[in-house]
Amino acid sequence: MIISGKELSARLKAEMAERVATFPEKYGRVPHLVVVLVGDDPASVSYVTGKAKASEVVGIRNTTIRKPDTITEEELLGLIRQLNEDDTVDGILVQLPLPKHISEAKVIETIAREKDVDGFHPLNVAALWQKQPCVLPCTPKGIIRMLKTAGVQISGKRAVVIGRSNIVGLPVAKLLLDENATVTIAHSRTEDLPSLTRQAEILVVAIGRPKFVTADMVSEGTAVIDVGVNRDPETGKLCGDVDFASIEPKASVITPVPGGVGPMTICCLMENTIECFLAKVAPKA
């Protein structure tokens with residue numbers, strides 16, 4: 001079964017839209033998400049445009065602030081501090097990656113934790129690992145939602161996560177552990193990786209290498225989640241980290257690229273923005 005992130009996210013966004021429609025009467029306004037885009041990288045522009053469109057569907061107020069890639073680090077941090085102090089702003093997202101002269105770590109740390117809709121702030125990350133209330137990172141949150149919606153049993157299963165980033169690999173491994181899976185975290189240089197991945201009942205791949213995982217690395221019936229977004233070096237078309245054509249017949253469920261995890265990431269961003277809004281205007285809701 002192919003898990004369509006487009007279809008699932010469309011349904012969830014429609015449900016959120018119904019909920020948000022009641023907010024003006026209840027709270028006097030709707031949630032407000034501010035997205036800061038530095039430079040004009042085509043992929044980043046596309047992502048930001050997608051977030052604006054999703055905000056419109058859900059009924060969230062969206063403001064995109066565009067800055068040239070020549071902006072200084074201090075200027076960007078100053079902008080974030082202004083947004084932190086703005087009571088009309090509920091969520092702040094700075095689109096990554098940033099120019100090399102700007103520290104992504106400093107940017108993430110400067111965003112107020114209560115407005116960190118990406119779930120990247122160190123205090124949110126710490127709370128995740130300590131099982132405390134926090135904003136969950138969008139992509140890992142979306143992955144778990146997709147697995148559950150597809151009817152994949154997570155508890156008691158063997159899961160392998162290829163990728164160790166703080167954005168996807170590590171947090172999705174933690175969320176799988178919280179669902180009582182047995183989790184192994186690997187990377188592209190893990191010795192004899194195919195023998196490890198063939199043991200996986202759930203396989204999550206997030207390394208950014210086109211068609212890295214091939215059919216011989218996956219056992220029959222594995223649930224395969226492909227987080228990668230790459231360009232196929234042969235065709236130039238978008239492709240994932242797994243060889244979809246060869247693995248799809250073997251997998252119990254699989255996510256396509258594009259149209260799989262990506263739409264759910266944006267969907268969960270909308271959900272996180274609503275949660276941050278409610279935590280401020282209706283803490284007990």
Side-chain angles (χ1 to χ4, degrees), residues 1-9 42-43 46-47 50 97 137-154 157-173 175-176 181-268:
M1 180 175 68
I2 298 174
I3 309 176
S4 172
K6 286 185 178 180
E7 293 179 5
L8 177 56
S9 66
S46 176
Y47 293 148
C138 301
T139 299
K141 184 179 185 179
I143 289 171
I144 299 299
R145 184 76 60 83
M146 295 177 83
L147 287 170
K148 289 184 175 181
T149 301
V152 176
Q153 181 182 337
I154 301 176
K157 298 300 182 180
R158 296 186 301 274
V160 173
V161 178
I162 307 178
R164 301 170 292 172
S165 77
N166 290 324
I167 295 175
V168 180
L170 293 179
V172 79
L175 293 181
L176 287 166
T182 299
V183 182
T184 301
I185 303 174
H187 52 85
S188 60
R189 296 182 181 84
T190 296
E191 186 176 354
D192 199 10
L193 183 60
S195 67
L196 181 64
T197 57
R198 282 192 291 268
Q199 298 176 39
E201 294 166 286
I202 299 171
L203 177 63
V204 180
V205 192
I207 54 175
R209 296 181 61 177
K211 298 183 178 181
F212 177 80
V213 175
T214 51
D216 63 301
M217 298 172 67
V218 178
S219 296
E220 293 283 344
T222 301
V224 180
I225 303 295
D226 188 352
V227 188
V229 179
N230 316 283
R231 289 286 177 185
D232 188 322
E234 296 180 359
T235 66
K237 295 181 179 180
L238 286 178
C239 69
D241 288 347
V242 308
D243 185 356
F244 183 90
S246 66
I247 292 177
E248 189 269 335
K250 299 180 69 174
S252 59
V253 298
I254 188 170
T255 57
V257 176
V261 174
M264 278 303 296
T265 297
I266 294 178
C267 179
C268 288

Can you see which heavy atom on P256 is nearest to which on I2, and at what distance? CD-CG2, 3.7 Å
Could you tell me whether the side chain of L238 reaches within less than 4.5 Å of the side chain of R231, counting heavy atoms only? yes
If you take all heavy atoms of V242 and V205, which pair is closest and at what distance? CG1-CG2, 3.8 Å
Does CG belonging to D216 count more than 12 external heavy atoms closer than 6.0 Å? yes
Apply side-chain contact (heavy atoms from CB on, under 4.5 Å) to the pair I154 and I202, showing each step before the final yes or no. CA-CA 8 Å; I154 301 176; I202 299 171; 4.2 Å; yes
Test your reading of the model: is there a side-chain donor-acceptor pair from S219 to the backbone of R198, 3.5 Å cut-off? yes
Gap separating the CD atom of E220 from the OG1 atom of T222, nearest 0.5 angstrom: 8.5 Å
Distance col, row C267:SG vs M146:CE, nearest 0.5 angstrom, shows 10.0 Å
Contacts of K148 meeting salt bridge (Lys or Arg N to Asp or Glu O under 4.0 Å) (sequence neighbours excluded), chain-then-number -> E179
D241 to G208 - nearest heavy-atom pair and separation: OD2-N, 3.0 Å
Beyond-backbone contact of M264 with L8, side-chain heavy atoms, under 4.5 angstrom: yes
Could you tell me which non-hydrogen atom of A186 sits nearest to which non-hydrogen atom of R164, and how far apart they are? O-CG, 3.9 Å
Value rounded to 0.5 Å, distance of CZ in R145 from CG in L175: 11.5 Å
Just jot down the salt bridge (Lys or Arg N to Asp or Glu O under 4.0 Å) partners of R158, sequence neighbours excluded, or say none. E201
Between the CD1 atom in I162 and the CG atom in L203, the distance rounded to the nearest 0.5 Å is 5.0 Å
If I compare all heavy atoms of V168 with all of A206, which pair ends up nearest, and what's the gap? CG1-CB, 3.7 Å
Is the closest side-chain heavy-atom distance between C138 and T265 below 4.5 Å? yes
Residue pair H187 / T190, side-chain heavy-atom distance below 4.5 Å: yes
May I ask you to check whether over 12 heavy atoms, not counting those of K6, lie within 6.0 Å of atom NZ? no
Do S246 side-chain atoms and T214 backbone N/O form a donor-acceptor pair below 3.5 Å? no
Can you list everything that forms a salt bridge (Lys or Arg N to Asp or Glu O under 4.0 Å) with K141? Sequence neighbours excluded, please. E271, E275
Among L176, I143, L170, find the residue that satisfies the side-chain contact (heavy atoms from CB on, under 4.5 Å) test when tested with V161. L176
Please assess N230 against C239 for the test side-chain contact (heavy atoms from CB on, under 4.5 Å), listing each intermediate value before the final yes or no. CA-CA 5 Å; N230 316 283; C239 69; 4.1 Å; yes
One should read off an interatomic distance between T255 OG1 and I225 CD1, to the nearest 0.5 angstrom, of 4.5 Å
Show the nearest heavy-atom pair for residues G221 and S252, with the distance to one decimal. O-OG, 2.9 Å
Could you give the distance from NZ (K211) to CG (D232), rounded to the nearest 0.5 Å? 4.0 Å
Have a look at F244 and tell me which of V213, I254, D226 forms a side-chain contact (heavy atoms from CB on, under 4.5 Å) with it. I254
